[in-house]
Amino acid sequence: MSAPVVIVGTGLAGYNLAREFRKLDRETPLLLITADDGRSYSKPMLSTGFAKNKDADGLSMAEPGAMAEQLNAEVRTHTRISGIDPGHQQLWIGEEAVPYRDLVLACGAEVIRVPVPGDADDAIFSINDLEDYARFRAAAAGKQRVLLLGAGLIGCEFANDLTLGGYQVELVAPCEQVMPGLLHPAAAAAVQAALEGLGARFHLGPVLASLNHQGDGLEAHLSNGTLINCDLVLSAVGLRPRINLAAAAGLVVNRGVVVDRQLRTNRANIYALGDCAEVDGINLLYVMPLMTCARALAQTLAGNPTAVSYGPMPVTVKTPVCPLVVSPPPHGLQGEWSIEGSGADIKALCHDSSGALLGYALTGAAVQDKLNLNKRLPALLA
Ligand SMILES: Cc1cc2nc3c(=O)[nH]c(=O)nc-3n(C[C@H](O)[C@H](O)[C@H](O)COP(=O)(O)OP(=O)(O)OC[C@H]3O[C@@H](n4cnc5c(N)ncnc54)[C@H](O)[C@@H]3O)c2cc1C
């Protein structure tokens with residue numbers, strides 16, 4: 001039998017690529033390899049599960065066996081690839097060599113862990129896949145107080161979701177505003193105020209200096225002297241693309257695995273997409289770009305080399321207490337911000353010197369302008 005197309009990862013990137021490829025090619029052997037349990041799920045739903053009262057099984061959309069059948073593929077679960085040998089067109093799973101016709105890295109991003117002094121490391125959780133979510137839900141059952149680390153997009157989504165789920169949330173982050181780098185301060189203030197209105201408490205500026213078990217709960221000391229009593233900690237301080245295997249195999253890496261507009265690495269027959277990939281200089285940790293890449297790469301793998309292009313990629317943040325859509329100006333472009341609206345309804349627009357729209361942040365009622373504004377946004381990869 002000829003060597004299969006091998007996809008490493010069964011996240012949205014891996015499974016969507018497999019689906020797109022099967023629309024074009026039903027026959028070529030296809031092998032998907034994943035370190036996790038291989039269930040198909042939509043990762044964005046992980047930060048909506050408490051409000052919807054859905055556990056991990058409730059968020060799972062299909063078992064790996066059903067996916068294998070649907071995709072006419074083999075799916076190897078709980079299997080971690082340990083090396084890539086581009087010279088011999090094979091990868092390693094421990095001692096086992098697996099040949100590939102084409103290899104696609106769709107291995108995602110990993111959570112950044114910050115060491116915290118004290119004896120309660122075991123009480124710090126992060127949620128970056130369905131199994132993490134199941135562990136966190138089990139630990140949070142019967143508990144009330146969650147300390148959240150990180151005020152980025154994911155931290156804010158969890159703050160909203162856990163508060164709606166009945167938890168008392170204290171959010172700690174060293175930045176001055178929520179979603180720094182992504183959001184204009186006026187829009188950030190609107191989101192923070194809405195989350196506070198729900199009952200979440202913010203400690204912006206300090207870091208978590210120590211965490212210790214104390215009786216049935218935990219004692220968290222912040223660097224500004226504040227003491228917080230809580231039951232468990234959810235860390236959402238950021239993600240970084242998984243690049244180690246690629247780097248060890250001599251693939252060019254930067255922030256992510258470096259690929260061109262055809263999603264090709266510097267080695268023949270090896271491609272990357274999704275959170276692990278840096279496409280023509282851009283590493284975006286969102287669903288819309290990976291879907292666009294999956295369609296282009298499926299064409300390339302089916303024998304029709306196709307370059308990817310990105311239109312505007314606005315991000316809808318799942319903070320239902322304060323609807324938020326944001327499209328930051330493309331990297332390297334500077335503009336002037338203007339702010340309209342007040343309170344929860346903010347329209348922050350960024351224009352260049354010729355008056356062209358570069359980006360926006362819309363909150364509350366202002367999100368209804370997004371469709372009109374999207375038509376004027378620049379493409380990210382024309
Ligand atoms: C809580 C949360 C909410 C989000 N909300 C949104 C949203 O609203 N909108 C949006 O656009 N984006 C959102 N995102 C981001 C979006 O979910 C990701 O961009 C997307 O899911 C990434 O998919 P992926 O397939 O590239 O990576 P992943 O889903 O991380 O998949 C990586 C796969 O690689 C496997 N793997 C890794 N290393 C190995 C190895 N050595 N061997 C074998 N397998 C390996 C893993 O097991 C896994 O199957 C959210 C992310 C989170 C965490």
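Reckoned from all heavy atoms, side chains included, excluding hydrogens, waters and symmetry mates. Since this is a predicted model, take the numbers as computed values, not measurements. Both counts, for ligands and for their atoms, begin at 1 and track the order of listing.
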When you look at Ile84 and Tyr100, which way does the side-chain contact (heavy atoms from CB on, under 4.5 Å) test go after all the steps? CA-CA 10 Å; Ile84 305 165; Tyr100 57 79; 4.3 Å; yes
Side-chain donor-acceptor pairs of residues 10-18 under 3.5 Å, sequence neighbours excluded:
from, atom 1, to, atom 2, distance (Å)
Thr10, OG1, Thr34, OG1, 3.3
Tyr15, OH, Gly38, O, 2.6
Asn16, OD1, Arg19, NH1, 3.1
Asn16, ND2, Leu12, O, 2.8

Between Asn212 and Glu219, a side-chain donor and acceptor under 3.5 Å: no
Per-ligand residue contacts, ligand 1, heavy-atom threshold under 4.0 Å: Val8, Gly9, Thr10, Gly11, Leu12, Ala13, Ile33, Thr34, Ala35, Asp36, Lys43, Pro44, Ser47, Thr79, Arg80, Ile81, Ala106, Cys107, Gly108, Ile127, Asn128, Ile154, Glu157, Phe158, Arg242, Leu245, Gly274, Asp275, Leu285, Tyr286, Val287, Leu290, Lys318
Qualifying salt bridge (charged side-chain N to carboxylate O under 4.0 Å, His left out) pairs with a residue from residues 153-181, counting only residues at least two apart or across chains: Glu157-Lys318, Glu170-Arg201
Could I get the full list of side chain to side chain contact (heavy atoms under 4.5 Å, CB included) partners for Asp216, not counting sequence neighbours? none
Classify the ring geometry between Phe136 and Phe50 as parallel (under 30°), tilted (30 to 60°) or perpendicular (over 60°). perpendicular
